[in-house]
Amino acid sequence: MKKKIYFLVSICTLLFANYACQDSFLDEEVLDALAPETLNDKLGYDAAAVGLYNSLATDFYATDQDQTFLGMFQLGTDIVWAPAGRSNGLARPYFDYSQLISTDWGASKVWNGAYKIINNANIIIANATSGNAVGMTQEEVEAFNAEARFFRAYAYNMLATLYGDVPLILEPIDDAKTDFVRTPLSDVNIAIEADLVMAVANLPEVDQAISAGRANKEMARQLLAEVYLRNGKPALAEKQCDDIINSGKYALVQQRYGVRSSESGDAFSDMFIEGNQRRSQGNTEAIWVLEQENPTDVTGGSTGSPQQRRVWGNGYHDLPGMQPTDSLGGRGLTRIRLDNWVVYDLYDDNDMRNSKYSIHRQHYFNNSDSKYDAIRGMPVPYGEDAVFTLPDASEVKIFAADTVYKYVPYTLKWGHFDSRDVFGYGMWKDYILMRLGETYLLRAEARFKQNNFDGAADDINELRNRAHAATVDATDITLDFILDERVRELIGEENRRMTLVRTGTLVERARRLNGTGPLAGGNIETTNGLQDYHMLLPIPQSEIDLNKDAVLEQNPGY
């Protein structure tokens, strides 16, 4: 069958069964049952809107098609290395840039996932502006319209940041199309801003959303602030942050709370414990939480088998005398490893964000059933520090390579353990996609770009005071310092690649701070082959090849 280009996968799999497709998406004629004219009541709109969250989770957060996919947003930046033999697949070109070419699967996956969201959002928007809604108030219709526009803006912001000029599609595509062209970035940015302004005006307040986790005004404001910063409009970005911070609906978490508040810990790490992440569970910083449930307990509770714990968590369980436990974050695989700049140079000594409850640094033998350590030729001493002394008084670690992925500091933000599944293929916990801590960082950046260094320092100190870290003053404020502070506050949460591309700092910071990492074949730079043009990802070659009726230009260097 002759192939045709699609920027989306059939939306059949994204919506509820009553809108299921009747024919395979491989058929030549596209027969989506959810054609624009079929959305005419609240049930239909709600199902279509839920599909947007499902698509976001499935393609970007809960995917298990390649366990290393999440690494592409962190590797090759300034914060992590790729441990030998642990990061391959989709992640490889992002720590060996010489392999990042136009056919890159990761770049294609992001592109297709974003355009899937865009087309599904376009269907909702087209219906909402058609005047055909039945049994709904105009306010209800506009709320669904705003929710879809938020998602369209979210997807286009990702595309604009990572690829530059991209095709701007503002209407549903219900037939094959082979004449896409790249729209100038300035026009794409205008569309993103317009969508978010509309979303801010028409989305509900956080405590009036249809359900927990659904779109609210502050989600749109936070994204709009980021977009304004990318577009060189810091005053407008500051205004959006002001509206969030001064809304009275959010507050930095300053005190212990939640399911482990009676145990040892601290206020910062409490936010990332399963059972504590949602507003309803006490997280007063939570602006947007993409909620997930363990499918063992709730049928369909997750859209896939998320791999964040395997990517970010440590492979300590491969050490003799060690076994996965809840306090150690469960069973990780160290697909990425914090680099030496983060581990040794980033944090002040007393910074709560570097406490043992947030970044685990010291291991003790915890397997009471472990009988023998072949390295030392003696029983493994339960409870002893995994750094030990041999009879000749020389201090050694378990393996020569243990600091690669077995005995290495790691963030516990993605820690998760289920005693019913110690192997832990999936990670069943919520995703905090936006919180107030980042709002302060965005406002600090906006103030810095307006030469308001005192105001930027005030925002940074809100976070540093909470973390019991040394405060800073106006003379300390630079873009580099703000980007450093984002790591201290948001490591494991933010898409680091997008942040550095947005600020134009990816190449310089990766070269300066990433250093030499423990890759297969010896210690080599984990930004091998990095060139200035790698600031942007390649336009997927498959899209270029199939676009037979127009030229879809490739980014320079690819």
Side-chain angles (χ1 to χ4, degrees), residues 77-80 221-222 225-246 250-254 266-268 285 338-355 358-359 411 435-515 535:
T77 65
D78 54 353
I79 59 172
V80 296
R221 287 188 170 116
Q222 184 109 323
E226 180 183 324
V227 170
Y228 279 145
L229 284 171
R230 181 171 58 79
N231 294 341
K233 301 176 180 180
L236 294 177
E238 182 178 4
K239 175 61 168 60
Q240 297 304 316
C241 296
D242 285 344
D243 287 346
I244 297 171
I245 293 168
N246 299 329
Y250 305 90
L252 292 178
V253 172
Q254 305 278 4
D266 55 50
F268 184 79
E285 286 191 42
L338 301 180
D339 65 23
N340 283 350
W341 171 65
V342 174
V343 171
Y344 299 115
D345 300 327
L346 182 62
Y347 293 94
D348 294 342
D349 291 341
N350 296 322
D351 196 321
M352 185 189 298
R353 298 165 297 188
N354 186 36
S355 78
S358 290
I359 297 182
T411 178
R435 64 178 176 88
L436 188 64
E438 186 177 12
T439 315
Y440 279 102
L441 288 161
L442 290 169
R443 190 169 72 173
E445 185 180 339
R447 288 175 166 178
F448 162 76
K449 289 184 175 180
Q450 299 173 83
N451 297 319
N452 180 2
F453 304 112
D454 287 317
D458 288 344
D459 282 334
I460 295 294
N461 284 332
E462 289 286 342
L463 301 179
R464 295 180 72 82
N465 284 329
R466 185 261 295 276
H468 303 157
T471 57
V472 298
D473 58 36
T475 60
D476 296 309
I477 302 300
T478 64
L479 180 58
D480 263 335
F481 186 88
I482 293 170
L483 290 173
D484 291 353
E485 195 69 19
R486 286 185 68 92
V487 182
R488 297 182 188 101
E489 182 75 18
L490 300 173
I491 194 164
E493 299 175 69
E494 74 170 331
N495 183 320
R496 189 60 176 174
R497 178 170 296 277
M498 282 190 63
T499 294
L500 297 187
V501 171
R502 174 178 64 78
T503 56
T505 59
L506 171 66
V507 175
E508 187 277 327
R509 285 183 65 94
R511 286 173 174 164
R512 174 165 55 90
L513 296 172
N514 199 277
M535 188 76 73

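Reckoned from all heavy atoms, side chains included, excluding hydrogens, waters and symmetry mates. Residues take their numbers from the sequence shown, with the count starting at 1.
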Original post:
Does anything in residues 499-510 pair up under salt bridge (charged side-chain N to carboxylate O under 4.0 Å, His left out), and if so which pairs, sequence neighbours excluded?
Top reply: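 Applying salt bridge (charged side-chain N to carboxylate O under 4.0 Å, His left out) to every pair that reaches into residues 499-510, excluding sequence neighbours, yields Asp78-Arg509, Glu445-Arg502, Asp480-Arg509, Asp484-Arg509, Glu508-Arg512.
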Is [X] reaching over with its side chain to a backbone N or O of [Y], donor-acceptor style, under 3.5 angstrom?
{"X": "Thr503", "Y": "Thr499", "answer": "yes"}
{"X": "Arg488", "Y": "Leu346", "answer": "yes"}
{"X": "Glu226", "Y": "Gln222", "answer": "no"}

Hey, what do you get for [atom1] ([X]) to [atom2] ([Y]), rounding to the nearest 0.5 Å?
{"X": "Arg447", "Y": "Ile477", "atom1": "CZ", "atom2": "CD1", "result": "11.0 Å"}
{"X": "Ile79", "Y": "Arg497", "atom1": "CD1", "atom2": "CZ", "result": "10.5 Å"}
{"X": "Asp266", "Y": "Met352", "atom1": "CG", "atom2": "CE", "result": "5.0 Å"}
{"X": "Gln450", "Y": "Glu238", "atom1": "CD", "atom2": "CD", "result": "5.0 Å"}
{"X": "Thr471", "Y": "Glu462", "atom1": "OG1", "atom2": "CD", "result": "11.5 Å"}

I'd like to check the side chain to side chain donor-acceptor pair (under 3.5 Å) partners of [X]; sequence neighbours left out, ordered by chain and number.
{"X": "Glu493", "value": "Lys413, Arg435"}
{"X": "Arg466", "value": "Glu285, Glu489"}
{"X": "Asn452", "value": "none"}
{"X": "Asp242", "value": "Arg443"}

Closest approach of [X] and [Y], non-hydrogen atoms and distance?
{"X": "Ala444", "Y": "Ile482", "value": "O-CD1, 3.8 Å"}
{"X": "Leu436", "Y": "Leu252", "value": "CD2-N, 3.6 Å"}
{"X": "Asp454", "Y": "Ala474", "value": "OD1-CB, 3.2 Å"}
{"X": "Leu229", "Y": "Ala446", "value": "CD2-CA, 3.7 Å"}
{"X": "Asp351", "Y": "Ala467", "value": "OD1-CB, 3.3 Å"}
{"X": "Leu500", "Y": "Thr77", "value": "CD1-CB, 3.8 Å"}

Pairwise side-chain contact, [X] with [Y], heavy-atom cut-off 4.5 Å (strictly under):
{"X": "Ile460", "Y": "Leu441", "value": "yes"}
{"X": "Arg464", "Y": "Asp348", "value": "yes"}
{"X": "Asn340", "Y": "Asp345", "value": "no"}
{"X": "Ser355", "Y": "Phe268", "value": "no"}
{"X": "Val80", "Y": "Asp339", "value": "no"}
{"X": "Glu485", "Y": "Arg353", "value": "yes"}
{"X": "Tyr250", "Y": "Thr439", "value": "no"}

Original post:
How about Lys449: does its NZ atom have over 12 heavy atoms from other parts shown lying under 6.0 Å from it?
Top reply: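 Enclosed.
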Original post:
Checking Arg221 against Tyr228: charged group under 6.0 Å from the ring centre and within 45 degrees of the axis?
Top reply: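 Not satisfied by the 6.0 Å and 45° rule.
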**OP:** Using the test side-chain contact (heavy atoms from CB on, under 4.5 Å), find all partners of Asp473 that sit at least two apart in sequence or belong to another chain.
**Re:**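 Counting only residues at least two positions away or on another chain, Asp473 forms a side-chain contact (heavy atoms from CB on, under 4.5 Å) with Thr475, Asp476.
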